[in-house]
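Notes follow once the structure below has been shown.
As the structure lists them, so they are numbered: ligands from 1, and atoms in each ligand from 1.
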Amino acid sequence: MARKKILSVVGTRPNFMKTGPIQAALAQRDEEFDPVLVHTGQHYDTAMSDIFFEELGIGAPDHMLDVGSGTHAQQTARVMERLEPVLEAERPDLVLVPGDVNSTLAAALVAAKLGIPLGHVEAGLRSFDRTMPEEINRVLTDQVSDFLFTHSPEAEEHLLREGCAGEAIHYVGNTMIDTLVALRERIEAQGEVTARGLEPGGFVLVTLHRPALVDGALLEEAFRQLAGLAAQIPVFFPAHPRTRKNMERLGAAAAPGLEIVDPLGYLEFLSLLSAAAGVLTDSGGIQEEATFLGVPCFTLRDNTERPVTASMGTNVLLGLRPERIAEVPALIDEVRAREAKVPPLWDGAAAGRIVEVIARGI
Ligand code: UD1
C-alpha cells in the first residue's frame, strides 16, 4: 500500500511545539506515512524559530515560504499565494495545521479550496472575543477542517454548536504537553535558574506580547507595576520582538530587580518556568504549560480560550488590568494552596492518538 503523505504547516513559535511530536509519531510509522513539513516563515529570527527546530529535533522544513511580517491581510495572503503551488506539487493525502495564528488560517483555506483533507490540531478553543485575530483564525479554520483534534473538554460543545460534524471531532489530548513530557529530563538538566543568578521558587517569570496589551498605552502601566513587583521579588522577562519594539518607543527599561532579556529557547524557558514562583503572561500556551507543571499562572487578559487551565489548573485571569500585577505575591500563595489538576489526556501521548485517528480515517 502506498504511504500516505501528511503535510504539516507551521509558522510561529508555539506551532513548533505542537507539531514536533506529530512529526515524530509519523516518522515512527514510516511504512505507512510520509511526513512533509512546511514553514511559512511568519516567525523568522533565530531566537523565534531556528532554535526550536534544533532543540525539538524536528528537522529542517521541506519547504520554507519566507513570508515574514506584515499586516494581517498581507501575511495571510502571502502564505496562501506561496503555499498553493507547494500543495499542488506535493498533493498530500492530508494537511495538518496547529493552533490559531495567521499561518494556520491561511494554510487551512488553501488546503480546503484545493479539496485536500484538512486536520486542525487544537480545534474548538474559543475566547468568544472576536477582537482577537486568533479567534477569527480558530473559528474559520474549524469550519473548513475534516478532522478536529481537540485537547480541551469544552471544545466539542463549541464545535457542535457551530455546526461541525460530531464524527469529525476527536479528543486526543495536548501535543504541546507531549513536547514537554518528551523533553522533561533535558529541561530539568538545563539549570537555567542558577545560570541566570536566580533562586528556585524565588522569582516571577513574565511574558507579554498581545497587541491589546503591548501595542497601546497599557504597556506603560504594566512596566510601572512590574517595577513595583520587582521591588518585592525578582522579575525575569524574556521580551517578544513586538514587545521590545514597543518598549523602545516608550523608553521603558529594566528597573532594580527587573531583568529584561531577548526571547529564550524552549529548554531555557521551560527550565525557568518549572522553577518560577509564578508566571505572569498573556500567552495561551504558557497557561497550559504552567497548569501541567503546577506553577501559578496569572493571565493579563479579559478572557481565555483555555478556561480549563483556570477551572482545573493553576491559572488566574487578572483581566487586561496591569494594576492587578500588584496582587501577584499574595495570589501566588493562594494558588499554591489550591488542589490543581492536569486536564485529561495531557499525558505526553496525544500525537500518537492523532496518528492513530489518521491511520483509520484517510
Ligand atoms: C503571532 C500570532 C499570535 C501568537 C504569537 C506567538 C497571529 C495573528 N499572531 O503573534 O497568535 O501568540 O505569534 O509568538 O498570527 N517579529 C520579529 N521577528 C520574528 C517574528 C516577529 O521581529 O521572528 C516582530 C515583527 O516586528 C512583527 C511582530 O514581531 O511585525 C509581530 O509578529 P507577527 O508574526 O505578526 O505576530 P506575533 O505578535 O508574533
Side-chain angles (χ1 to χ4, degrees), residues 9-20 39-54 56 61 64-80 82-83 97-109 120-122 125-127 129-141 176 179 206-216 218-219 237-249 260-266 269-270 273 279 281-290 297 299-301 303-306 309 320:
V9 183
V10 292
T12 67
R13 185 165 61 173
N15 290 168
F16 311 139
M17 288 79 102
K18 292 170 192 171
T19 290
H39 187 342
T40 67
Q42 178 172 345
H43 284 176
Y44 43 86
D45 287 344
T46 304
M48 298 294 285
S49 178
D50 303 16
I51 186 165
F52 296 91
F53 280 77
E54 284 159 29
L56 310 184
M64 167 47 100
L65 307 183
D66 279 325
V67 301
S69 304
T71 65
H72 287 273
Q74 286 166 343
Q75 206 167 48
T76 310
R78 258 185 243 142
V79 173
M80 290 182 70
R82 295 181 193 185
L83 182 62
V97 292
D100 56 14
V101 300
N102 287 345
S103 297
T104 309
L105 173 61
L109 288 174
H120 184 203
V121 177
E122 202 184 86
L125 296 188
R126 296 291 179 269
S127 65
D129 175 2
R130 296 253 172 132
T131 65
M132 286 179 75
E134 292 82 1
E135 183 74 354
I136 315 254
N137 295 342
R138 289 179 200 119
V139 170
L140 297 180
T141 301
M176 190 174 229
T179 292
V206 177
T207 81
L208 304 173
H209 76 287
R210 299 256 170 221
L213 184 63
V214 306
D215 284 2
L218 288 176
L219 189 61
F237 185 177
H240 185 285
R242 176 191 285 278
T243 313
R244 176 71 76 174
K245 276 193 189 160
N246 284 305
M247 284 165 51
E248 282 161 13
R249 180 174 52 79
I260 301 165
V261 298
D262 287 337
L264 301 177
Y266 180 78
F269 186 79
L270 266 291
L273 179 59
V279 61
T281 191
D282 57 2
S283 147
I286 292 169
Q287 296 170 48
E288 297 182 348
E289 289 164 335
C297 178
T299 301
L300 271 178
R301 289 176 44 189
N303 50 55
T304 176
E305 62 289 336
R306 294 160 159 90
T309 58
L320 192 52

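- Under the rule for a side chain to side chain donor-acceptor pair (under 3.5 Å), Ser283 has no partner lying at least two apart in sequence or in another chain.
- Of all protein heavy atoms, the one lying nearest to atom 34 (O) of ligand 1 is Gln42 NE2, 3.2 Å.
- In this comparison of Ser69, Pro211, Pro263, Ser283, the heavy atom closest to atom 27 (C) of ligand 1 sits on Ser69.
- Counting heavy atoms only, Lys245 comes closest to atom 26 (O) of ligand 1 of the residues Arg242, Lys245, His240.
- Between His72 and ligand 1, a contact under 3.5 Å exists for no N or O pair.
- Listed by number with element, the atoms of ligand 1 under 4.0 Å from a non-hydrogen atom of His209 are 4 (C), 5 (C), 6 (C), 12 (O).
- Heavy-atom contacts of Gln75 reach the following atoms of ligand 1: 34 (O), 35 (O) (cutoff under 4.0 Å).
- Residues passing the salt bridge (charged side-chain N to carboxylate O under 4.0 Å, His left out) test with Asp262 are Arg244, sequence neighbours excluded.
- Residue Thr12 places no N or O, backbone or side chain, under 3.5 Å from any N or O of ligand 1.
- Contact analysis leaves Arg244 out of contact with ligand 1, as no non-hydrogen atom separation drops below 4.0 angstrom.
- The ring-ring contact (aromatic ring centres under 6.0 Å, His included) with His39 is formed by just one residue from the set Phe53, Phe52, Tyr44; it is Phe53.
- For atom 11 (O) of ligand 1, the nearest non-hydrogen atom of the protein is Glu134 OE2, 2.5 Å.
- No donor-acceptor contact under 3.5 angstrom links the side chains of Thr12 and Gln42, judged on distance only.
- The shortest contact between atom 17 (C) of ligand 1 and any protein heavy atom is with Tyr44 OH, 3.3 Å.
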